[in-house]
Amino acid sequence: MEKSIVVAIDVGTTKICTLIAQIESEENIRILGVGIEPSQGIRKGTVVDIPLAANAIAKSVKKAERTSGLEITNAIVSVAGTHISSINNKATAGVVGGVIDQYDIARVIEGVRAIPIPHNRIIIHLLQRTFSVDGVDGIRSPLGMYGSRLDVEAHIITSSASSVENLRQCIMTAEIDVNQWVLNPLADGEAVLTDIEKQMGVLVCDIGGGTTDLAIYINGDVWHSNILPVGGSHISNDIAQAFHLPLAQAEEVKKIHGHALPDYIGEEEYFYSRTFGREEAAKFSRKELAKIIKMRTEEIFQLVMQEVKRSGYDNLLPAGMVLTGGSSLLPGIDQLASSELKMPVRLAKPENITGMIDQLDSPAYSTSVGLLYWALMMQETVEGQPKKKDMQDTMDKIKKFARYLLP
Ligand SMILES: Nc1ncnc2c1ncn2[C@@H]1O[C@H](COP(=O)(O)OP(=O)(O)OP(=O)(O)O)[C@@H](O)[C@H]1O
Ligand SMILES: [Mg+2]
């Protein structure tokens, strides 16, 4: 029973979301506890004030504990920020006995993770792609196969060690141990992408408050990922500047009257809001608001496109882009994205969850729910290897097994 309880903490720039859930089957997750708290001390996905962030995280954890009636001790936690970088790497190992065993797999994975990284960075994900045996690729599990040469490619995600340690400090203040770090867009991928999209080639894009999180899936595997330091708070800032509004009011105006496509708004559409230095509310054109929103949103999608081109996989995405995150609630954003990126765009939010789901029925919770799916996949194993191909977490286990096999 205890084994099937999983806990996720999504530390966002706008909100902290703690979820306590029970895994009921391979596809079904029942939410038992939810703790949503406005974020503090986090800027563009990174902790900038430990006491403030720790306090917000602790409050979110306590809320989730109260609603579930469970006390939690550890969690799977999201990580983002501009300190994240990713690289693809390849490795080859000769097969010692003619039949591939755990030791050969461990050696080739050891080889692929041997990239030179500065001492102040750590690997947070080592996502293997399929193996190839004697040049035959697309092999998911090479264990027990005949062959003389084993190749593997991997997507490796590294992070600043200090940024992750600062976040760990905050989580530990809430008396929670971190089971595993998961990069935001990889959690999103588990929550909102279909297997067909991942196979075909798809970009998942989560536009949150302070960051835009990207991951590219091709042939079912992660081929590229990155975090861009732009998000919905930049749109709100632009509105605040242009209309002389306090930031909180600009945020409300965006959510209530905002639209990403000025062409869809009539000249005569107005709204009222109180500016700095005035007692009574002033009248604003909704079309002007949409123009401000469009300008910044276009810029975000241009940055997304640049990143997709930089990956080199821009021609391998027939399933297009799946857009999520709180900022994807902006009306017209999918159409704008589609015309900027020249690809099909689908809006997505978490599905297939049961229990306390009312509060989670929004694209803002894709990362939070995705973390639970990640936890689910890490629990399942296929022939001693995790179903989720994140080898970072299981290297020690494999190494131990390998040592046991050696004379
Ligand atoms: N209806 C809406 N229209 C436009 N924007 C919205 C709407 N609802 C929420 N947003 C924006 O979504 C953003 C918050 O999204 P989300 O909750 O996904 O962010 P986060 O996960 O806390 O941040 P990040 O992932 O960037 O660290 C805010 O900028 C907010 O203004
Ligand atoms: Mg987020």
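The first residue of the sequence shown is numbered 1, and numbering continues consecutively from there. Indexing begins at 1, ligand by ligand and atom by atom, following the structure's order.
Ranking protein heavy atoms by distance to atom 18 (O) of ligand 1, first place goes to Gly326 N, 2.9 Å. Atom 5 (N) of ligand 1 has its closest protein heavy atom at Lys254 CE, 3.6 Å. Among all protein heavy atoms, the one lying closest to atom 21 (O) of ligand 1 is Lys15 NZ, 2.8 Å. The protein heavy-atom contact nearest to atom 2 (C) of ligand 1 is Leu329 CB, 3.6 Å.
The atoms of ligand 1 that sit less than 4.0 Å from any heavy atom of Glu251 are 28 (C), 30 (C), 31 (O).
Among all heavy-atom pairs drawn from Thr18 and Ser60, the shortest one is OG1-OG, 2.5 Å. Here the shortest heavy-atom pairing between Gly231 and Ile300 reads O-CD1, 4.0 Å. Minimum heavy-atom separation, Thr367 to Ala187: O-CB, 3.5 Å.
Residue contacts with ligand 1 include Ser233, since one or more of its heavy atoms lies under 4.0 Å from the ligand. Taking a 4.0 Å cut-off on heavy atoms, Ser327 registers as neighbouring ligand 1. Remark: distances from the non-hydrogen atoms of Gly210 to ligand 1 include one below 4.0 Å.
The option with the heavy atom closest to atom 19 (O) of ligand 1, from among Ser78, Pro363, Gly209, is Gly209. Summarising the contacts of atom 27 (O) of ligand 1 with Asn184, Thr367, Thr13, Leu330, the nearest heavy atom is found in Thr13. The closest non-hydrogen atom to atom 13 (C) of ligand 1, taken over Pro331, Ala260, Gly208, Ser39, comes from Gly208. Which of Thr14, Thr211, Ile16 comes nearest to atom 26 (O) of ligand 1 through a heavy atom is settled by distance: it is Thr211.
Below 3.5 Å of separation, one finds no N or O of Gly325 facing any N or O of ligand 1.
Taking the side chain as every heavy atom from C-beta outward, His259 and Ile293 never approach each other to under 4.5 Å.
Heavy atoms from other residues, nucleotides or ligands lying under 6.0 Å from CD of Gln241 number 12 at most.
Under the side chain to side chain contact (heavy atoms under 4.5 Å, CB included) test applied with Trp374, the options Leu183, Val6, Val182 reduce to a single match, Val182.
Every residue two or more places apart in sequence or in another chain that forms a ring-ring contact (aromatic ring centres under 6.0 Å, His included) with His257 is listed here: Phe271.
Checking Ser39 against Thr14 by side-chain atom types alone, no donor-acceptor pair falls below 3.5 Å.
At distances below 3.5 Å, not a single donor-acceptor pair connects side-chain atoms of Thr324 with backbone N or O atoms of Asp206.
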